[in-house]
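Let me begin by presenting the structure, written as structure tokens, before commenting on it.
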Number of protein chains: 2
Amino acid sequence: MDKDKIDKKDHILDVAERVFSDLGFDGASTRMISGEAGVNMAMLNYYFGSKEGLFLAVFERKISSFQTLLQNIGNEGISSWDKLEKCIDNYVDRIIVNNCFQKLINREMSISKHTDLTDKITKILMINVLEFKKIFDEGVKSGSFHKDIDTQLLTATIFGTKNYIINAPHISSLMLGHDIRDEKFLEEKLKPRIKKYMKRLLKAYLMNDNDNTN
Amino acid sequence: MDKDKIDKKDHILDVAERVFSDLGFDGASTRMISGEAGVNMAMLNYYFGSKEGLFLAVFERKISSFQTLLQNIGNEGISSWDKLEKCIDNYVDRIIVNNCFQKLINREMSISKHTDLTDKITKILMINVLEFKKIFDEGVKSGSFHKDIDTQLLTATIFGTKNYIINAPHISSLMLGHDIRDEKFLEEKLKPRIKKYMKRLLKAYLMNDNDNTN
DNA sequence: CAAAATTAATCAAACGATTGATTGAGTTTG
DNA sequence: CAAACTCAATCAATCGTTTGATTAATTTTG
């Protein structure tokens with residue numbers, strides 16, 4: 001049946017996404033993926049052609065759902081700071097849900113070589129990055145934010161902080177005293193904590209009176 | 001000769017570091033490393049015991065010099081803020097020089113599987129993380145920094161911001177308008193800019209009067 | 001409608017290649 | 001000469017992939 005076929009392919013992709021992001025492309029074996037998915041090894045090649053084909057399939061499935069979420073907020077008729085708060089809430093909510101895919105993206109983006117894959121990913125990630133930057137620049141223009149802020153490095157802080165927490169689980173877990181892959185902890189404790197922290201950090205940098213001369 | 005032996009080991013480590021950071025631990029093969037280093041494959045095991053031993057040797061060679069550096073700063077008799085500034089200067093200087101090594105660390109740490117390797121790396125990295133955190137906590141205790149700051153997430157911001165700039169070269173380059181792997185740009189422009197930005201960000205969050213209730 | 005032909009899905013088994021590691025014989029060195 | 005070093009050859013294990021047989025569902029045919 002068509003439906004069953006799609007469901008099974010989807011199930012394989014779910015498992016592959018997790019295993020790839022846990023162990024990396026080279027670290028994950030087709031035997032392990034097929035084993036955990038409960039399908040015969042040959043099915044992977046039957047459906048996806050090759051290990052690389054499977055990897056690409058994982059990417060392309062997720063990538064479509066990624067676009068056009070922050071953009072709506074940017075166009076609302078509220079203050080720059082309110083937009084920023086909304087974007088942070090939205091972004092933190094979203095990345096926590098997809099955190100294993102985020103790891104996958106990050107690993108792939110750390111490769112220096114310029115390929116079709118990195119090109120695609122870059123383009124998609126830039127949408128989010130530029131949306132934050134737009135709000136920063138707009139706030140500077142309207143006088144809500146300080147004039148001499150570094151909006152480019154500030155985006156690096158937002159995305160970098162998130163990546164570090166998600167992407168270095170061993171260190172994060174040690175620092176925070178919990179396994180950050182524990183979903184309950186993630187949802188109930190970490191998520192609101194990250195939101196609160198990021199808002200305060202941004203507010204202090206963007207809006208408070210401070211001596212910025214040096 | 002003792003000198004020759006050390007030089008040869010060092011040469012192998014140089015090559016291994018580059019290959020590992022290009023391809024990851026799993027992606028790099030011992031044959032490739034020994035081939036590029038111009039030594040027999042058995043030499044790797046002879047000198048370093050195993051592939052993992054080689055990887056650890058690469059790691060420990062670089063990390064040992066850095067770890068003692070932050071600690072010295074932490075013990076100086078200066079204000080918490082001055083320590084922080086010194087640490088940032090030092091840290092930024094160092095990571096820019098070793099950015100290919102940083103990529104290596106990042107890639108390996110994003111692997112979830114808990115092995116002896118990740119365990120060792122985690123332990124070593126935690127030394128730096130905890131050194132920053134110690135200064136934060138000390139500053140809070142002495143009253144120089146705000147009481148209700150999130151020192152744990154703040155370390156994530158420091159290391160995460162750095163990682164993002166170094167480790168996502170495609171995005172960083174697009175944002176900054178230069179190829180961040182251009183050494184001259186890195187040294188003359190980016191380095192001082194990151195230092196200035198990080199200090200201002202930290203100062204605003206840690207020391208400025210602000211409404212932190214929410 | 002029933003028999004035959006076709007197709008897609010699944011499986012165990014095996015493929016050649018490559019992996020990290022080891023061996024034992026040979027060479028260099030102090 | 002003994003110890004340290006170097007090497008080609010080889011090890012078992014694992015890798016991604018392919019194969020040929022089998023099953024079940026679908027379509028075509030008489």
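Only heavy atoms go into these numbers, but all of them, side chains included; no hydrogens, no water, no symmetry mates. In the text below, chain A, chain B and the rest are named by the order of the sequence lines, each starting its count at 1.
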B/Tyr205 and A/Tyr197: aromatic ring centres closer than 6.0 Å? yes
When the distance from CE of B/Met43 to C1' of C/dA21 is rounded to whole Å, what number comes out? 13 Å
Got a second to check how far B/Leu56's CG is from B/Arg61's CZ, nearest 0.5 Å? 13.5 Å
Return the nearest nucleotide to the side chain of B/Asn40; candidates are D/dC7, C/dA21, C/dC11. D/dC7
From CG of A/Asn45 over to C1' of D/dG20, roughly how many Å is that when rounded to an integer? 16 Å
Could you state the CG-P distance from B/Leu44 to C/dA21, rounded to the nearest angstrom? 9 Å
Rounded to the nearest angstrom, tell me the gap between atom OH in B/Tyr46 and atom C1' in C/dT23. 14 Å
Reckon A/Ser29 touches a base, only the sugar-phosphate, or nothing at all at heavy-atom distances under 4.0 Å? sugar-phosphate
Does any N or O in the side chain of B/Ser21 come within less than 3.5 Å of the main-chain N or O of B/Leu104, such that one atom is a donor and the other an acceptor? no
With the side chain of B/Met41 defined as its heavy atoms from C-beta on, choose the nearest nucleotide among D/dA9, C/dT10, D/dC7. D/dA9
Give the rounded distance in Å between these two atoms: CD1 of B/Ile33 and P of C/dG20. 8 Å
Neighbour count >12 (heavy atoms, 6.0 Å) for atom CD, B/Glu36: yes
Could you tell me how far apart B/Arg31 (CZ) and C/dT19 (C1') are, to the nearest whole angstrom? 6 Å
Between D/dC15 atom C1' and A/Leu23 atom CG, what is the distance in whole Å? 15 Å
Under 4.0 Å from OP1 or OP2 of D/dC5: is there any side-chain N or O of B/Lys8 that close? no
Ring centres under 6.0 angstrom apart (B/Phe159, B/Tyr91): yes
Counting side-chain heavy atoms from C-beta on, which of D/dA9, C/dT10, D/dT17 comes nearest to A/Thr30? D/dT17
Here's a test of your reading of the structure: between B/Ala42 and A/Gly38, which maps to the more 5' nucleotide of DNA chain C? A/Gly38
Just how far, in rounded Å, is C1' of C/dT22 from OH of B/Tyr47? 18 Å
